[in-house]
Amino acid sequence: METTVGRHRRVIMFPLPYQGHVNPMFQLANLLYSKGFSITIFHTNFNKPKTSNYPHFTFRFILDNDPHDERYANLPLQGMGAFSRIFLFNKCGADQLRHQLELELSAKDEPPVSCLITDASWHFTQSVADSLNLPRLVLRTSSLFCFLIYASIPLLDDLGYFNLSDNTATPLLDGLGYNNVPDDERLEEQVAEFPVLKVKDVIKIGFKKDNDGMGDIISNMVKQTKASSGIIWNSFKELEQVQLETIRRDIPAPCFLIPFAKHFTTASSSLLDQDRSFFPWLDQQPRNSVVYISFGSVAQVEEKHFMEMVHGLVDSKQSFLWVVRPGFVSGSTWLEPLPDGFPGERGRIVEWAPQQEVLGHEAIGAFWTHSGWNSTVESVCEGVPMICSPFWGDQPLDARFVSDAWKVGVYLENGWKREEITNAIRRVMADEEMRERSTVLKQKLDASLIEGGSSYESVESLVDYISSF
Ligand code: UDP
């Protein structure tokens, strides 16, 4: 039962309904609840969270309540097609959202609403909030540097980067209209506008300025984030100081950088059941001896690439804990392509794990990741060095920063090749300097959480700011 006793202000929160977006929004909701706010969550029925994990929150299901509405009744539930909801609801969700917000704003038996906090990709919510004079804050679930690069996509497109091709890139959607001009030399060039990046990192983002749905979403996301009353980032100042200064110079809205994983785990917002059966095995492994492998909630690989991963792992002779989501291997239900005898005593495979807890386990020595931003921050939070195999979007950008800017990981930038996988795993497990840098980064993060530290101050000023509305 929701209790509003003693809670005088209410925050309405509206996550994008995908695991990598739901997790940070619920971590933020838990944080604001712990600071005394009453919480109302707006959510689609699609990817509905386990509401029983949040008896103290109020839930309103919006946008897809009518099962007969043909616009979304037959949309795919899995894979990239599931993202089509972002396009649809950004186009036609405004009236429903306004109606629900009007009900909340006039509710007599609930604390008054201070503000709306939505995922940055729900860009349609800004004009609805404006029309009701309701402050809208944005939760941006990727890094600050990703935002700056996304904001520069029109410029990078005009410079012709998206006309080059990179055969290790995974285009986000079919029919993007890339010219397939092989231009290997240019791929390794530095991007003048963002010297940490190589040209191939930009191509690997997988979408460009216009003529495709994702490009539109991104440019509207950037525009309406700039127009918001404030931006909350899952990050910390010491990690992205330069980018923070640039954003503060360019955008009037205040920024709040909070490393959510240090406040709450994502266990209660997990859309899949977390397997814990491997912990007795993990507990017996020596310190820093196990590679944890997970590629997040969306990524898929072809079977031949999956087999390269398997061989790369076997040849590395390292112990491993591997999250293989059902459907991760295209065309397979789960583990059908695996050879007999794999994983053997050296490894464990599960469908889904309590990732943060695993990363915090002392047996884990490295994280082989798709470089999703939550996974990256969670790894930084635990001081675990990374092996990066990004797919698209912000992931190739995260991988480049992890390997070349912070130097706490290795980027497998030539796709799936067993020798390179083996070498990268061995290198990261043995590289004591990289482990030391990962520890130092974690220590900076820990220090930022202590009273007077940047992350501590961010939480305090966010609470003050919301209370001021
Ligand atoms: N996650 C998890 N168990 C797993 C794999 C992933 O709980 O077995 C969580 C992980 O901790 C992270 C989220 O799922 O919070 C994945 O988000 P990320 O941004 O890394 O990738 P995405 O799924 O959006 O591609």
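Everything numeric in this text was worked out from a predicted model, so none of it was measured. When a ligand or atom number is given, it counts from 1 through the structure's own listing order. Starting from 1, each residue takes its place in the sequence as its number.
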Taking Asp201 for the side chain and Lys198 for the main chain, is one N or O donor matched with an acceptor at less than 3.5 Å?
->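 Yes, Asp201 side chain to Lys198 backbone: donor-acceptor pair under 3.5 Å.
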
Just jot down the ring pair (Phe, Tyr, Trp, His ring centres under 6.0 Å) partners of Phe328, sequence neighbours excluded, or say none.
->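 Here the qualifying residues are Phe295.
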
Ring pair (Phe, Tyr, Trp, His ring centres under 6.0 Å) partners for Phe59, two or more places apart |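 If we apply the ring pair (Phe, Tyr, Trp, His ring centres under 6.0 Å) test to Phe59, skipping adjacent residues, there are no hits.
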
Please work out which of the three classes, parallel, tilted or perpendicular, describes the rings of Phe147 and Trp233, given edges at 30° and 60°.
->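 Perpendicular: the ring planes of Trp233 and Phe147 meet at over 60°.
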
Output block, N or O contacts of ligand 1, threshold 3.5 Å exclusive:
from	atom 1	to	atom 2	distance (Å)
ligand 1	3 (N)	Ala353	O	2.6
ligand 1	7 (O)	Ala353	O	3.4
ligand 1	8 (O)	Ala353	N	2.8
ligand 1	8 (O)	Ala353	O	3.4
ligand 1	11 (O)	Gln355	NE2	3.4
ligand 1	11 (O)	Glu378	OE1	2.6
ligand 1	11 (O)	Glu378	OE2	3.2
ligand 1	15 (O)	Asn23	ND2	2.9
ligand 1	15 (O)	Glu378	OE2	2.7
ligand 1	17 (O)	Asn374	ND2	3.4
ligand 1	19 (O)	Asn374	N	3.2
ligand 1	19 (O)	Asn374	ND2	2.8
ligand 1	20 (O)	Ser375	N	2.9
ligand 1	20 (O)	Ser375	OG	2.5
ligand 1	21 (O)	His370	NE2	3.0
ligand 1	23 (O)	Ser297	N	2.7
ligand 1	23 (O)	Ser297	OG	2.4
ligand 1	25 (O)	His370	NE2	2.9

Would you mind listing every side chain to side chain donor-acceptor pair (under 3.5 Å) that reaches into residues 275-285, with sequence neighbours excluded?
->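 Qualifying pairs: Asp275-Ser277, Arg276-Glu357, Asp283-His361.
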
Are side-chain heavy atoms of Lys237 and Ser455 found at a separation under 4.5 Å?
->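 They are not in side-chain contact.
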
